[in-house]
Amino acid sequence: MKKIKSVKDVLKAMQSYPAFFRKVWKATMQIPPGETRSYKWVAENIGHPRAARAVAMALKKNPFAPIVPCHRVIRSDGKIGGYSGFGGIKKKIYLLEKEKEQKT
DNA sequence: CGTATGGCTCCTC
DNA sequence: CGAGGAGCCATAC
């Protein structure tokens, strides 16, 4: 297992992943603070408006948690979707909600 | 190459 | 408006 120390490590790790993944992560990183985007949003941004599920795959494999705010990416329903983690995502969502209210 | 999996989205009832 | 079923896409084995 490799521990991510900085964005540079992320970029290096990206080299071991398909181009599609990198596009997904890049699009996800483009999401501004306090804002949320749907998988479809990312899918369209990378040029695959129908690959929302594939996008989810990339985010799931995403070893760059704080670099690629997968928690900032939600479903069209406005919900997280499922997240396979223990619940740490909830904390992230909480902070996200706070940011949203702050920037009002 | 074919099958299985997944943090989805859309359409129809 | 709410619930359910089918479809689409890419990765990993």
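In the text below, chain A, chain B and the rest are named by the order of the sequence lines, each starting its count at 1.
Note that the CE atom of A:Met14 and the CD1 atom of A:Ile67 stand 9.0 Å from one another [nearest 0.5 Å]. Summarising the geometry, atom CD belonging to A:Gln30 is positioned 14.5 Å from atom CH2 belonging to A:Trp25; distances are rounded to the nearest 0.5 Å. Here NZ of A:Lys79 is found 12.5 Å from OG1 of A:Thr36. Values are rounded to the nearest 0.5 Å. With values rounded to the nearest 0.5 angstrom, A:Arg37 atom CZ is found 11.0 Å from A:Thr28 atom OG1.
Without hydrogens or angle criteria, A:Asn62 side chain to A:Phe64 main chain gives a donor-acceptor distance under 3.5 Å.
A salt bridge (Lys or Arg N to Asp or Glu O under 4.0 Å) check over residues 22-34 of chain A, counting only residues at least two apart or in different chains, returns nothing.
Taking atom CE on A:Met57 and atom P on B:dC8, their separation rounds to 9 Å, with Å as the unit. With rounding to whole Å, A:Lys60 atom NZ is found 11 Å from C:dA12 atom P. Counting to the nearest Å, the P atom of B:dC8 and the CG atom of A:Asn45 are 19 Å from each other. Rounded to whole Å, the distance from CD1 on A:Ile46 to P on B:dC8 is 15 Å. When rounded to the nearest whole Å, the span between NE2 of A:His48 and P of B:dT9 equals 16 Å. The CG-C1' distance, from A:Asn62 to B:dG6, rounds to 15 Å in whole Å. For A:Arg75 and C:dC8, the CZ to C1' distance is 15 Å, given to the nearest whole Å.
With a cut-off of 3.5 Å on both pairing distances, the Watson-Crick and G-U wobble pairs of DNA chain C assemble into stems of 3 or more at B:2-6 with C:9-13, B:8-13 with C:2-7.
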Using a cutoff of under 3.5 Å, can you pull out all pairs of nitrogen or oxygen atoms linking the protein to nucleotides 10-13 of chain B, with atom names and distances?
none

Return the polar atom pairs (N/O with N/O) between nucleotides 3-7 of chain C and the protein under 3.5 Å, or none.
{"residue": "C:dG7", "atom": "O6", "partner": "A:Arg53", "partner atom": "NH1", "Å": "2.7"}
{"residue": "C:dG7", "atom": "N1", "partner": "A:Arg53", "partner atom": "NH1", "Å": "3.0"}

For residues 40-58 of chain A, tabulate all N or O donor-acceptor pairs below 3.5 Å that involve a side-chain atom, not counting sequence neighbours.
{"residue": "A:Lys40", "atom": "NZ", "partner": "A:Glu44", "partner atom": "OE2", "Å": "2.4"}
{"residue": "A:Asn45", "atom": "ND2", "partner": "A:Trp41", "partner atom": "O", "Å": "3.0"}

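With salt bridges taken as basic N to acidic carboxylate O contacts below 4.0 Å, one links A:Arg75 and A:Asp77.
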Could you walk me through whether A:Leu59 and A:Val73 pass side chain to side chain contact (heavy atoms under 4.5 Å, CB included), step by step?
CA-CA 9 Å; A:Leu59 293 175; A:Val73 183; 3.8 Å; yes

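No contact: A:Val55 has no heavy atom under 4.0 Å from any strand.
Dashed line: the shortest gap from a side-chain N or O of A:Lys61 to OP1 or OP2 of C:dA12 is under 4.0 Å.
Summary of the strand contacts: A:Ser16 and A:Ala52 both lie near DNA chain C, and taking for each the nucleotide with the nearest heavy atom, the more 5' one is attributed to A:Ala52.
Proximity of residues 18-32 of chain A to DNA chain C (heavy atom under 4.0 angstrom from any strand atom) is restricted to A:Pro18, A:Phe20, A:Phe21.
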